[in-house]
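Presented below is the structure to which this report refers.
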Amino acid sequence: MTTLEDPIEIGGCEVPNRLYRAPVLECAGNGPDAVGTLIDDLEPAAESGVGLLCQGATIVRGDGGCAAPGMTRVHDPEFVAQLSRLTDRIHEHGSRIFVQLEHGGLRSMETWHAEYRRENPELEQLAVSEPPWQLRLLDRLGFLSYDPHVLSTDEVYELAADFGRSAAYAAEAGYDGIHLSGANMGIVQQFLSPFYNRRDDEFGGSPEARLEFFALVHDEIRERAGDVPLMTKVPAETPAPPSPVVRRKLSLEDGIEIARRLERIGYDAVVPVQTSVVWDMSIVRGEYPERAWGNEQLREAYDAAFGGAARRRLVAAANRVQSLQYDFDPAWNEEFCRRVRKQVSIPVLAEGGIRERDEMDRLLGSSGVSSDGIREAPACDMVGMARPFYAEPRLGARLLEDGADAETPVDGDLRVLCENCNNCTVPQATGAPGICRTPSVLRKRGELEREGVYERSEL
């Protein structure tokens, strides 16, 4: 029976335990303080014993493609070489670090961020195909702004080469693996999704052809970065609006088949996630972030991002509606992960709404019995969280046995402090850092810090 403390191998990389920090925005950018900011954000998790850290989405090109302000670009080998300071610090604590590679495509800031569009009027969105009618309608209504550049076949090959080059720079800088951002509406998901992909060349027209970009990126990374471990998110677009609003989308069965084919292509691990065809609260389920929207210090920045006070209010209202539609659901990707794991032999990583140690043990198969009294098969091989690390940067020390007194096992009823309030997420539209902003959580963390809970025992 697998436990959270057991090691695991991903594509030849030995990870000391099965807890990982899922990728989130660090808002570090590429300025002179970027590496220090990343160290400040990521090292505490490694210090606390977390086995694997996934640095948040980084952009493989020098302009365009950022889904939010402050994203780090990894197209420049001189800059990426400086990130060896980060990887060295993570390795000093015995942890491993993967970097997530991304390009936003139609989700990029040049679509939705009003001030950014004014400052960069020459930028176009890279598009797999012409935007679907639903997005064109939002453009005509003024909620979004599209000026898409549909990639030619040759340009698709060049984009895949950019992923390969960035992966090679990262491997040289000491990253232990590459995490392809295959979901959350980035351009990789846009190649996969029938909602976006209506191409008639080798990269569209059938489920197999829509997977060709994944295969091409894999080959580019293998050619340029060797056998560096490679994993990816695998989307199922089950939370997308129902027909007739959205007729073409990836079902759960489609996602399972995609995972099977990715293993055959040569990917070393998969992260199955249920995500919409648009950027909505299906990826951060929970409460309406009342405190974040009501923050007067951020109001001017919100107005700049969304195009004025009226637009800000509309976005906030949509956020409130979505919070009712996508209420928090513990371990919401469990079924998807469990079904994928039955079909593949590579590691399956689970994230999304995992908040309790008992839940982690159950997902890994060390506890949990079905209704007929038979022990459940594991749903995954690793468990990850994102927002809880904003609330508790040294969370691993509370969750892992090797961070506790050897005479005192970790309490199975242990729960993270994160309240799923999403007050950490909305401010990131302004470039604000990803931090917990909820007083009740911060007070409790302060109490635990004073008690020394986040200090790891020396083994």
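When a residue number appears, it is its place in the shown sequence, counting from 1.
With respect to Arg398 and Glu392, a salt bridge is recorded, a charged nitrogen being found less than 4.0 Å from a carboxylate O. Electrostatic pairing of Asp200 and Arg210 does not count as a salt bridge here, judged by no charged N lying under 4.0 Å from a carboxylate O. Here Glu351 pairs with Lys233 in a salt bridge; the nearest charged N to carboxylate O distance falls below 4.0 Å. Salt-bridge formation is detected for the pair Glu43/Arg89: a Lys NZ or Arg NE/NH1/NH2 atom is positioned less than 4.0 Å from an Asp or Glu carboxylate oxygen. Salt-bridge check for Glu14 with Arg96: failed, with every basic side-chain N at 4.0 Å or more from each acidic carboxylate O. A salt bridge links Glu208 with Arg261: the closest approach of a Lys/Arg side-chain nitrogen to an acidic carboxylate oxygen falls below 4.0 angstrom.
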*Run the numbers on Arg341 and Glu263 for salt bridge (charged side-chain N to carboxylate O under 4.0 Å, His left out), then give the verdict.*
CA-CA 11 Å; Arg341 194 175 184 276; Glu263 180 179 21; over 6 Å; no

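When Leu395, Asp41, Leu53 are each tested for a side chain to side chain contact (heavy atoms under 4.5 Å, CB included) with Phe389, only one passes: Leu395. Looking at Glu158, Glu172, Glu223, Glu220 one by one, the single match for salt bridge (Lys or Arg N to Asp or Glu O under 4.0 Å) with Arg165 turns out to be Glu158. When Arg73, His103, His113 are each tested for a side chain to side chain contact (heavy atoms under 4.5 Å, CB included) with Cys66, only one passes: Arg73.
Around the CD atom of Gln325, the shell of radius 6.0 Å holds more than 12 heavy atoms that belong to other residues, nucleotides or ligands.
Classification of the Phe191-Phe203 ring pair by plane angle, with boundaries at 30° and 60°, yields perpendicular.
Here the closest non-hydrogen pair linking Pro44 and Asp40 is CD-O, 3.2 Å.
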